[in-house]
Structures are given as structure tokens and as C-alpha cells.
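One structure below.
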Amino acid sequence: MSEKEKDYMIEAMTKDLVLLLMQRHGMDEDTALRTLYNSDTFAKLEDPKTHLYYQSSLYVYDFLKNELLTGKMQ
């Protein structure tokens with residue numbers, strides 16, 4: 001997979017995760033973006049070793065939701 005394709009997958013996942021944060025947590029767009037970008041989940045999503053960007057948005061959202069509830073990625 002090329003770097004461009006990986007970046008596209010991360011970008012698409014980011015859009016989905018922000019929408020989920022807005023819908024399920026009542027966040028506005030800026031808060032949802034800030035929450036996602038500052039999360040351990042997003043750091044793992046960008047890490048090519050994890051291949052997390054291959055997973056579904058809902059699968060990754062579960063990690064993010066747990067991180068928001070517990071303060072750490074599980």
C-alpha cells in the first residue's frame with residue numbers, strides 16, 4: 001500500500017470518527033476534532049505498525065469510546 005492510500009484511509013476514518021463523536025457524544029465539530037487528534041487512539045491509527053486503519057470505523061470508535069471513559073486506550 002502506498003503512503004497516499006494509507007493517508008486516504010486515515011482521513012476517511014477520521015471523518016467517520018468525528019461524526020460518531022458528534023452524534024453519540026453531542027460534541028460540536030471543533031471539540032470532536034480536538035478530542036480525536038489528542039487521543040491515544042488517533043496516535044495508534046496513524047502508526048503504520050498497528051494497521052488500525054484497516055479496521056472498520058466502529059471498531060476503532062470502540063477504542064476511542066473506551067479511552068474517553070477510562071482515560072486510556074484499551
Side-chain angles (χ1 to χ4, degrees):
M1 168 181 295
S2 74
E3 188 72 21
K4 193 173 190 175
E5 290 170 319
K6 180 182 74 80
D7 289 346
Y8 176 77
M9 291 175 75
I10 292 170
E11 187 177 311
M13 177 83 64
T14 297
K15 182 188 108 190
D16 291 346
L17 293 172
V18 167
L19 288 173
L20 285 164
L21 287 171
M22 292 170 65
Q23 293 167 353
R24 297 184 179 187
H25 295 272
M27 295 181 184
D28 61 45
E29 186 177 4
D30 288 339
T31 302
L33 282 165
R34 209 171 23 259
T35 299
L36 178 60
Y37 287 145
N38 290 317
S39 70
D40 288 339
T41 302
F42 188 73
K44 297 287 186 194
L45 180 62
E46 286 194 309
D47 184 350
K49 290 179 271 179
T50 67
H51 296 267
L52 199 55
Y53 46 83
Y54 280 120
Q55 303 302 320
S56 73
S57 298
L58 289 175
Y59 179 81
V60 176
Y61 171 74
D62 278 340
F63 285 107
L64 182 58
K65 180 177 69 173
N66 285 331
E67 182 179 348
L68 292 175
L69 292 172
T70 65
K72 57 186 174 185
M73 185 177 175
Q74 296 179 343

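Predicted, not measured: the structure shown is a model, and the values here were computed from it.
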Among all residues two or more places apart in sequence or in another chain, which pass the side-chain hydrogen bond (donor to acceptor under 3.5 Å, both in side chains) test with [X]?
X	value
S56	none
N38	none
K6	E3

| query | Is any side-chain heavy atom of F42 less than 4.5 Å from a side-chain heavy atom of L64? | reply | no

| Step by step, would you call T14 with Y37 a side chain to side chain contact (heavy atoms under 4.5 Å, CB included)? | CA-CA 9 Å; T14 297; Y37 287 145; 3.8 Å; yes

| What pairs of residues pass the salt bridge (charged side-chain N to carboxylate O under 4.0 Å, His left out) test when at least one of them lies in residues 54-65, not counting sequence neighbours? |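 Sorted pair list: D62-K65.
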
| query | Which residue pairs pass the side-chain hydrogen bond (donor to acceptor under 3.5 Å, both in side chains) test when at least one of the two sits in residues 24-33, sequence neighbours left out? | reply |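 Only H25-Y61, D28-T31 qualify under side-chain hydrogen bond (donor to acceptor under 3.5 Å, both in side chains).
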
| request: Kindly give the heavy-atom pair with the smallest separation between L21 and A32, and that separation in Å. | output: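 Closest heavy-atom pair between L21 and A32: CD1-O, 3.5 Å.
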
| field | Hydrophobic cluster membership, V60 vs Y8, 4.5 Å side-chain cutoff | value |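 Unlinked, V60 and Y8 end up in two clusters.
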
Taking only distance into account, with no hydrogens and no angle test, what donor-acceptor pairs under 3.5 Å do side-chain atoms of residues 45-54 form with protein atoms, sequence neighbours excluded?
{"unit_1": "D47", "atom_1": "OD1", "unit_2": "K49", "atom_2": "N", "d": "2.9"}
{"unit_1": "T50", "atom_1": "OG1", "unit_2": "K44", "atom_2": "O", "d": "2.6"}
{"unit_1": "T50", "atom_1": "OG1", "unit_2": "D47", "atom_2": "O", "d": "2.9"}
{"unit_1": "T50", "atom_1": "OG1", "unit_2": "L52", "atom_2": "N", "d": "3.2"}
{"unit_1": "H51", "atom_1": "NE2", "unit_2": "P48", "atom_2": "O", "d": "3.4"}

| Which residues satisfy the side-chain contact (heavy atoms from CB on, under 4.5 Å) test with S57, sequence neighbours excluded? |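 Here the qualifying residues are M13, D16.
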
| Point-to-point distance, once rounded to the nearest 0.5 Å, from CE of M22 to OG1 of T35 |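 If we round to the nearest 0.5 Å, M22:CE and T35:OG1 are 11.5 Å apart.
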
| request: Measure from the side-chain N and O atoms of E67 to the backbone N and O of S39, and report whether any donor-acceptor pair falls under 3.5 Å. | output: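 Here the side-chain-to-backbone pair does not exist.
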
